[in-house]
Every structure is written in structure tokens, then in C-alpha cells.
J.: 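Please read through the structure below; I'll follow up with questions.
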Amino acid sequence: MKWIFAYLAFLNFLDGVITYFGIQYGHIQEGNPLMEFVYNANPVFFLVLKIALSGFLFTLISVQSVSFRRPIPELSFVASVLYTAVMVLHLNWII
């Protein structure tokens, strides 16, 4: 279970950095309305928020007493599949 949190944290961080630079240079638009609002309010805060969320996931990994009960494993798996799809979309404009 912890590996999937690490994967999500890595993808979230990577997505934040790629999205930040992609929007800055006019290659992409943010597809998530909430994150678009955050980005439009303050692009640096957007990047800091994404990094902080990844840090939070890494913190959860290191806490030994955290119990991953249903539906956390299932939701984490779905999130990882969706984030992987987002990264494929990023690769389309990068390549």
C-alpha cells in the first residue's frame, strides 16, 4: 500500500512542476477547475501546494501507525491510474 502512496506523491509532484511550466509557457491549460483557480490566484502558491501535498503523502508513508482500510486502497489505485493518464497527456505536449 505504501508504494502506491509513493507513486502518487511522485506523480503529484511531477504533475505540479510540469503543469506550472506548461502553463507559464503557454503549452497547456489546467484541466482541474479547482487547481486552475489556485493557479490563477497565485502560480507560485499552486506549485507550493502541489509540493506540500506530495510531502503530506510521503509523511503518511513514514508514519507506522497509519492503517489503510477500505476504501483507501481502492481509491488510491484509481487515483494512480488517473494520474498516470494525466502524465501521458503531459507527454503528448512535451514530445
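In this text the structure is predicted, and so the values were computed from the model without any measurement. For the numbers below, each heavy atom of this structure counts, side chains included, while hydrogens, waters and symmetry mates do not.
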J.: Any link between Leu53 and Val78 through a network of hydrophobic side chains (Ile, Leu, Val, Met, Phe, Trp, Tyr) touching at under 4.5 Å?
T.: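 In one cluster with Leu53: Val78, no.
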J.: In Å and rounded to the nearest 0.5 Å, what is the CG to CG distance from Leu49 to Asn42?
T.: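 Here the interatomic distance stands at 11.0 Å.
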J.: Which atom pair, heavy atoms only, marks the closest approach of Phe77 to Ile4?
T.: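 Between these two residues, the closest heavy atoms are CA-CD1, 3.5 Å.
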J.: Quick check: closest heavy atoms across Val86 and Asp15, and the distance to 0.1 Å?
T.: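 Looking at all heavy atoms of both residues, the closest pair is CG1-OD1, 3.6 Å.
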J.: Would you say the side-chain atoms of Ser76 and Tyr7 include a donor-acceptor pair closer than 3.5 Å?
T.: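 Ser76 vs Tyr7: no donor-acceptor pair found between side chains.
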J.: When you look at CD of Glu74, are more than 12 heavy atoms from neighbouring residues, nucleotides or ligands closer to it than 6.0 Å?
T.: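 Yes - once you tally the heavy atoms of other residues, nucleotides and ligands closer than 6.0 Å, there are more than 12.
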J.: Atom CH2 of residue position Trp3 - does it have more than 12 heavy atoms of other residues, nucleotides or ligands inside 6.0 Å?
T.: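 No, CH2 of Trp3 has 12 or fewer neighbouring heavy atoms, counting only those of other groups under 6.0 Å.
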J.: Would you say Met35 ends up clustered with Leu82 if hydrophobic residues are merged whenever their side chains have heavy atoms under 4.5 Å apart, either directly or through other cluster members?
T.: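 No: no chain of side-chain contacts under 4.5 Å links Leu82 to Met35.
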J.: To the nearest 0.5 Å, how far apart are CG in Leu8 and OG1 in Thr84?
T.: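 Here the rounded value is 8.0 Å.
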J.: Counting only heavy atoms from other residues, nucleotides and ligands, does the tally under 6.0 Å from CZ of Phe10 exceed 12?
T.: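 Not more than 12 within 6.0 Å, no.
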J.: Check the angle between the aromatic planes of Trp93 and His27 and answer parallel, tilted or perpendicular using the 30° and 60° thresholds.
T.: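 If you compare the ring of Trp93 with that of His27, the planes turn out parallel.
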J.: Could you report the tightest heavy-atom contact between Thr19 and Ile28, atom names first, then the distance?
T.: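 Heavy-atom minimum between the residues: CA-CD1, 3.8 Å.
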J.: Please round to the nearest 0.5 Å and tell me the distance separating atom CG of Asn12 and atom CG of Leu57.
T.: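 Between Asn12 CG and Leu57 CG, I get 7.0 Å after rounding to 0.5 Å.
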J.: So do Ile61 and Phe58 actually touch side chain to side chain, heavy atoms under 4.5 Å?
T.: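 Answer yes - side chains close enough.
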J.: If you take all heavy atoms of Glu36 and Glu30, which pair is closest and at what distance?
T.: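 Looking at all heavy atoms of both residues, the closest pair is N-CG, 3.4 Å.
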J.: Would Leu14 and Tyr25 show up in the same hydrophobic cluster when neighbours are defined by side-chain heavy atoms closer than 4.5 Å?
T.: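 Yes.
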J.: Quick one: CG on Leu75 to CZ on Arg70, what's the gap to the nearest 0.5 Å?
T.: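 CZ of Arg70 is found 10.0 Å from CG of Leu75.
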J.: Looking only at non-hydrogen atoms, find the nearest pair between Ser54 and Phe13 and report the distance.
T.: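 Minimum heavy-atom separation between Ser54 and Phe13: OG-N, 3.1 Å.
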J.: Decide whether Leu89 and Val17 are clustered together by the hydrophobic rule: side chain heavy atoms of Ile, Leu, Val, Met, Phe, Trp, Tyr closer than 4.5 Å, transitively.
T.: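 Leu89 and Val17: separate clusters.
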J.: Any side-chain donor paired with an acceptor under 3.5 Å for Tyr39 and Gln24?
T.: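 Indeed, the side chains of Tyr39 and Gln24 share at least one donor-acceptor pair under 3.5 Å.
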